[in-house]
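Each chain gets a letter, A, B and so on, in the order its sequence line appears, and its residues count up from 1. Just so it is clear, the structure is predicted and the values come from calculations on it, not from any experiment.
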2 protein chains.
Amino acid sequence: MPAVKSHTADLAARLVDEAGRLLAREGAAALTLRRLATASGTSTMAVYTLYGDKQGLLRAMYAAGFERLGAALRAAADAHDDPLEALIALGHAYRDTALVNPHLYDLMFGAAVPGFVPDEHAKAVADAAYQPLVDAVARCLAAGQFSGTPAERIALYLWSVSHGMVSLELAGHLPAGDPGAAYVEAMVYAGLPFIARAG
Amino acid sequence: MPAVKSHTADLAARLVDEAGRLLAREGAAALTLRRLATASGTSTMAVYTLYGDKQGLLRAMYAAGFERLGAALRAAADAHDDPLEALIALGHAYRDTALVNPHLYDLMFGAAVPGFVPDEHAKAVADAAYQPLVDAVARCLAAGQFSGTPAERIALYLWSVSHGMVSLELAGHLPAGDPGAAYVEAMVYAGLPFIARAG
DNA sequence: AAGCTAACTATAACAACGTTACAGAAGTTC
DNA sequence: GAACTTCTGTAACGTTGTTATAGTTAGCTT
C-alpha cells in the first residue's frame with residue numbers, strides 16, 4: 001500500500017471536525033478511532049502521529065469547543081450597543097451553543113469520556129472563552145449600571161447561573177413545557193442588580 | 001465450582017456499594033465489571049442476573065446517589081429552625097455531597113459513562129431529592145421572607161446556581177485559592193432576595 | 001422420600017476497543 | 001542511482017462488555 005504523505009495539518013483539522021460530527025450525532029460511545037479513521041478516509045495511526053493518542057484528540061476537541069464558544073459569545077456581545085442587552089444576548093448565545101452539540105458540552109464540562117482530563121493549555125483556552133462575559137460586565141460597570149462588586153465576580157456568578165441552568169436542561173431536570181431560554185433570561189435579569197448591591 | 005444461591009438482594013446492594021467505592025477512588029475508567037466482580041467476591045454474571053447489564057447497575061448507582069443527596073439535604077434543612085439559615089445549610093450540604101464523590105456527581109449530571117441514559121424511574125428519584133429545597137423555600141415564603149414568586153421557581157434558581165458553581169469548581173474553572181464554599185454562600189445570599197422582588 | 005424440573009452461577013468464547021509492534025513504500029541525500 | 005531516513009497501513013495484543021455453555025443446587029411433584 002502506498003504511503004504518500006497524508007498526515008498533514010489539514011488532516012488534523014479534518015479529524016477534529018469529523019470527530020465533532022460523530023460526537024454530536026451519536027454520542028461519546030460512537031466516537032471510536034476505527035470509525036473516525038474510516039469516516040476520515042485514513043487509518044487509526046493518523047490520530048497517533050498527529051495527536052499522540054485519543055486523549056490528545058479529545059484535548060483538541062475540547063479546545064476547539066471552547067474557541068467556538070468564545071467566538072459565539074464575542075459575536076453576541078458585539079451585536080448590541082446597550083451593555084445590559086449584550087449581557088442577555090450572551091446568556092442566549094451560551095445556551096444556544098450548548099444545545100447545538102450537547103455531547104461536546106459534556107466533554108467540555110462533565111467527564112464525557114472516562115479517562116479524559118484537559119491539560120493546562122486547554123484550560124487556558126477555556127478561561128479565555130469566558131472573557132467576553134467579563135468584558136460585557138465591565139462595560140455595564142463603566143456605564144454605571146452596577147457598582148461595588150468586581151466584574152470578575154459578577155461574571156463568574158452569571159457563568160454559574162447559565163451553566164447550571166443549561167446543565168439541568170440537558171439532564172432533563174427542567175419542568176416539561178417550560179423553555180430553558182426563558183429561564184436563563186429571567187435568572188440573568190433577576191440576579192444581576194442584586195449582585196451589584198450585595199458587594 | 002459450586003453454584004450456591006448468592007445473587008440475593010444483599011449482593012445487589014453490595015455491588016452498588018462496591019461500585020460506588022471503585023468509582024470514587026479511581027474514576028469511571030476503572031469501573032469495569034471484572035474488577036467489580038473480583039472486588040465483590042463473585043463473577044461478572046451477577047451484574048447481569050441482578051441488573052440486566054452494566055447500564056442497569058449504573059442506573060441503580062444513579063438512583064442511590066440521588067437518594068443519598070436527598071437525605072443529606074433533608075438532614076441539613078432539618079438542622080436549622082430559621083428558614084434562611086436552612087437555605088444556606090442546604091447550599092453547603094449540596095456542595096459537600098458533590099465534592100465527596102465527584103465521579104458519582106458526574107454520573108448523576110454529566111455523561112460520565114458514554115452510553116448511559118437514566119430511565120424515568122431514576123429521573124423521578126432525582127427530582128424527589130430536590131424536594132427538600134422546595135420545602136425550605138416554601139418555609140421562607142410562609143415566614144414572609146419573600147413573596148411574588150412561586151417556591152418551585154425560586155428553588156430551581158437556587159439549584160441552578162449551586163449546581164453551576166459546584167460544576168465549575170469540579171471542572172477547575174474557579175479562581176485558584178478561592179474556596180468554592182464561600183462562592184456558593186455568597187451567591188445564595190446574593191440571588192435570593194432579588195428573585196422574590198423580580199417575580 | 002426420591003426424582004425431576006427449573007433456576008442460578010462460573011467458565012469460556014466473541015466482537016470491538018485503544019494501543020503497539022511490524023513491515024513496506026515514499027521522499028531525501030550523496 | 002543507491003543507501004538511508006521518515007512515515008503510513010496492516011496485523012497483533014491485552015482488555016472491555018456481553019453472550020453461550022455447562023454444571024450445580026434448590027424446590028416442587030408424586
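Here D:dT8 presents its P atom at 14 Å from OH of A:Tyr51, a figure rounded to the nearest Å. Between B:Leu58 atom CG and D:dG17 atom C1' there is a gap of 12 Å when expressed in whole angstrom units.
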Legend entry - Base-contact (B) and sugar-phosphate-only (S) positions in nucleotides 13-20 of chain C, heavy-atom cut-off under 4.0 Å, - elsewhere: B---BBBB
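You'll find the ring centres of A:Tyr130 and A:His163 outside the 6.0 Å limit. Here the two rings, on A:Phe66 and A:Phe109, have centers that are under 6.0 Å apart.
With contacts defined as side-chain heavy-atom distances shorter than 4.5 Å, the pair B:Leu57/B:Leu36 qualifies.
Applying the salt bridge (charged side-chain N to carboxylate O under 4.0 Å, His left out) criterion to A:Asp81, with sequence neighbours excluded, gives no partner residue. When the side-chain contact (heavy atoms from CB on, under 4.5 Å) test is applied to B:Ala136, the partners found at least two apart in sequence or on another chain are B:Leu87, B:Leu90. In this structure B:Arg21 satisfies the salt bridge (charged side-chain N to carboxylate O under 4.0 Å, His left out) test together with B:Asp17, B:Glu18, sequence neighbours excluded. For B:Glu67, there are no salt bridge (charged side-chain N to carboxylate O under 4.0 Å, His left out) partners, not counting sequence neighbours.
Contact between the side-chain N/O atoms of A:Thr42 and the OP1/OP2 oxygens of D:dT8 is not found at any separation under 4.0 Å.
Axis orientation changes by 10° from one end of the helix from C:dA1-D:dT30 to C:dC30-D:dG1 to the other, with each end axis drawn from 5 pairs and the value rounded to 10°.
Residue B:Arg14 places its CZ atom among more than 12 non-hydrogen atoms of other residues, nucleotides or ligands, all under 6.0 Å distant.
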